[in-house]
Amino acid sequence: MPENNEILVVNGNGPLHGRVKVSGAKNSALPILAACLLGTEDIILEEVPKLKDVEIMIEVLKSLGSEVEYLDETTLKINSKNLNSYETPFELMDKMRASFVVMGPLLARFNKTKTKSPGGCNIGKRPIDLHLKGFSALNAKTIQNHDEISAIAEDGLKGSVVYLDFPSVGATQNIMMAATMAKGLTTIENAAKEPEIVDLSNFLSKLGAKIKGAGTSTIMIEGVDKLTGTTHSIIPDRIEAATYMLAAAMTKGDIVIENVIASHIRPIIAKLIEVGCIIEESEDDDVIRVKADKRLKGTSIKTLPYPGFPTDVQAQFMALMTVCEGESLVKETVFENRFMHVDQLKKMGAFVVTEGNEAAILGVDKLKGADVKATDLRAGAALVMAGLVAEGETRISDIYHIDRGYSDIVSKFSNLGAKIKRIKVE
Ligand code: EPZ
């Protein structure tokens with residue numbers, strides 16, 4: 001387990017006010033970094049978020065022979081012309097299961113790849129059957145023994161039709177990348193439609209790939225012989241944006257979020273209006289104002305693949321619900337174990353009852369500060385939000401989860417008026 005002698009200390013401090021700029025999307029930067037393995041000329045990536053997970057993915061690329069250098073805090077220059085391995089180091093896969101999306105690009109470059117089975121994680125088993133189903137459909141033989149996975153296409157990858165039983169984001173990305181240099185046409189049916197899929201598709205097209213339909217359920221990829229280089233700016237992080245919007249609502253604040261694409265967070269905007277927030281969108285679509293001047297009302301959410309309510313905002317929305325007036329309901333349909341934040345919120349006085357993948361919340365007047373633990377990335381963010389409105393001090397441990405997905409969380413919240421600090425503990 002990562003060493004973790006730091007905690008976040010949050011004190012309830014009234015409404016948030018001010019402006020916050022959202023960083024590039026973690027869940028776009030990671031697959032696009034993996035896709036850089038396909039390019040044989042210089043690639044410049046802009047708006048790369050400063051996150052632990054990005055650092056790990058850069059280590060993976062370097063371990064495979066890519067040259068990676070920071071041009072500035074959020075700009076990378078990458079060249080993968082001379083890759084020297086098709087095997088992802090096992091210890092790096094252990095550090096971050098999302099590195100599994102390097103399999104597709106390596107298969108495309110070498111017609112073979114090997115890595116460690118990405119285990120499950122706190123929120124679920126995280127199977128990879130759909131990824132392997134896609135590789136097999138592209139004429140690769142996949143072999144999975146205890147903890148090793150390899151895929152080999154002896155006579156090259158060949159385009160085919162792949163139906164995804166679930167619109168898996170990672171499987172869609174892995175198959176898309178493998179298909180960019182397969183012979184012929186690949187069609188992915190029931191593909192994921194997340195904005196991060198569209199961003200990846202735009203990036204691959206700029207490298208010379210021939211892709212149509214990203215953002216719909218059917219994506220078609222015509223294989224090409226070679227991919228080159230480009231410059232690409234990562235889309236804003238819709239989950240980070242949602243987190244700050246909900247924090248503003250929860251504290252009855254008034255904040256402006258910069259670098260956000262409103263069309264990527266329609267469910268969040270709709271639900272915030274439903275509970276009583278005032279949302280102002282700018283005409284040029286990249287700034288949103290969130291205001292709440294009275295106690296909000298409870299509502300219900302059900303997580304679904306995009307464009308449904310995002311599972312990555314479920315924990316944060318539940319935190320908001322714990323102080324809304326009346327009853328709220330949450331149904332989590334994407335992951336099988338994504339309620340670990342419930343016990344931690346209950347330590348702070350929240351009233352939540354869960355039954356399977358459903359939770360019922362009765363709003364309380366006040367939460368109280370407590371010692372709590374971040375159990376996963378988004379649960380950690382939910383606890384920070386709860387600390388913003390709780391009476392007294394909230395001490396959050398295991399914050400390495402939070403650092404995986406939220407860059408500069410202390411300075412961003414402090415600039416909005418929050419009393420939050422990171423301290424070292426024995
Ligand atoms: C991506 O994970 C995101 N991670 C997750 O964000 C996000 O929660 C998830 O998509 C859903 O939106 C990154 O992009 C790095 P999936 P991914 O494959 O690709 C089942 C965060 O907080 N499934 O769409 O792993 C699986 O069990 C993280 O930023 C299969 O059954 O998600 C799950 O129930 C957490 N077989 C569902 O699909 C497979 O082969 C969604 O998984 C693959 C997935």
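Ligands are counted one by one from 1 in listed order, and the atoms in each one are counted from 1 as well. Note: hydrogens, waters and symmetry copies are ignored here, and every other heavy atom, side chains too, is used. Keep in mind that what you see is a predicted model, and the values were worked out from it rather than measured.
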Side-chain ion pair, Glu196 and Arg238, N-O less than 4.0 Å:
yes
Is the closest side-chain donor-acceptor distance between Asn202 and Ser205 under 3.5 Å?
no
Decide side chain to side chain donor-acceptor pair (under 3.5 Å) for Thr74 and Glu46; before the verdict, give the C-alpha distance in whole Å, the side-chain angles of both, and the deciding distance to 0.1 Å.
CA-CA 6 Å; Thr74 56; Glu46 296 163 342; over 6 Å; no
Identity and separation of the nearest protein heavy atom to atom 24 (O) of ligand 1
Val169 N, 2.8 Å
Taking only non-hydrogen atoms of Gly170 and a 4.0 Å limit, the atoms of ligand 1 in range are 18 (O), 19 (O)
So, Thr218 and Glu189: side-chain donor and acceptor under 3.5 Å apart, yes or no?
yes
The protein heavy atom nearest to atom 15 (C) of ligand 1 is Asn27 OD1, 3.4 Å
Which of the numbered atoms in ligand 1 are below 4.0 angstrom from a heavy atom of Lys26?
21 (C), 29 (O)
Note: Ile128, heavy atoms under 4.0 Å from ligand 1, region reported as backbone
I'd like to know if Arg338 pairs up with Asp312 as an ion pair, taking the criterion as any Lys NZ or Arg NE/NH1/NH2 lying under 4.0 Å from an Asp or Glu carboxylate oxygen.
yes
Going through the distances and angles, do Leu38 and Leu227 end up as a side chain to side chain contact (heavy atoms under 4.5 Å, CB included)?
CA-CA 6 Å; Leu38 293 163; Leu227 296 179; 3.7 Å; yes
Below 30° counts as parallel, above 60° as perpendicular, anything between as tilted: where do the rings of Tyr86 and Phe110 land?
tilted
Less than 4.0 angstrom from a charged side-chain N to a carboxylate O is my criterion; do Arg422 and Asp403 meet it?
yes
Among all protein heavy atoms, pick the one closest to atom 18 (O) of ligand 1 and tell me residue, atom and distance.
Ser168 OG, 2.7 Å
Could you establish whether Arg97 and ligand 1 come within less than 4.0 Å of each other, counting only heavy atoms on the residue side?
yes
Going by the 4.0 angstrom heavy-atom rule, the piece of Thr311 near ligand 1 is side chain
Under 4.0 Å from a heavy atom of His131: which atoms of ligand 1 are those, numbered in the order shown and with their elements?
40 (O)
In terms of atom number and element, which parts of ligand 1 are under 4.0 angstrom from non-hydrogen atoms of Leu377?
21 (C), 22 (O), 29 (O)
Side chain or backbone of Val334 under 4.0 Å from ligand 1, or both, or neither, by non-hydrogen atoms?
both
Which atom pairs, one a donor and one an acceptor, fall under 3.5 Å between side chains of residues 23-36 and the rest of the protein, sequence neighbours left out?
| unit_1 | atom_1 | unit_2 | atom_2 | d |
| --- | --- | --- | --- | --- |
| Ser23 | OG | Ser407 | OG | 3.0 |
| Ser23 | OG | Lys412 | NZ | 2.7 |
| Ser28 | OG | Asp199 | OD2 | 2.5 |

Distance to 0.1 Å, residue and atom name: give those for the protein heavy atom nearest to atom 8 (O) of ligand 1.
Asp312 OD1, 2.6 Å
Under the criterion side chain to side chain contact (heavy atoms under 4.5 Å, CB included), which of Leu345, Val10, Thr394 is the partner of Leu383?
Leu345
Side chains of His401 and Asp376: do they bring a donor and an acceptor to under 3.5 Å?
no
What atoms of ligand 1 come within less than 4.0 Å of a heavy atom belonging to Arg126?
2 (O), 17 (P), 25 (O)
I need the contact type for Glu196 against ligand 1. Using non-hydrogen atoms and a strict under-4.0 Å cut-off, is it side chain, backbone, both or neither?
neither
List ligand 1 atoms under 4.0 Å from Leu130, heavy atoms only on the residue side.
36 (N), 39 (C), 40 (O)
Give the contacting part of Arg378 toward ligand 1: side chain, backbone, both or neither, where contact means a heavy-atom distance below 4.0 Å.
side chain
Lys21 and Glu47 ion-paired at < 4.0 Å
yes
I want to confirm something. Looking only at heavy atoms, which of Phe100, Phe166, Phe335 is nearest to atom 38 (O) of ligand 1?
Phe166
Can you list the ligand 1 atoms lying under 4.0 Å from a non-hydrogen atom of Arg338?
8 (O), 22 (O), 35 (C)
List the closest protein heavy-atom neighbour of atom 43 (C) of ligand 1: residue, atom name, distance to the nearest 0.1 Å.
Pro127 O, 3.2 Å
Could you find the nearest protein heavy atom to atom 36 (N) of ligand 1 and give me its residue, atom name and distance?
Asp129 OD1, 2.7 Å
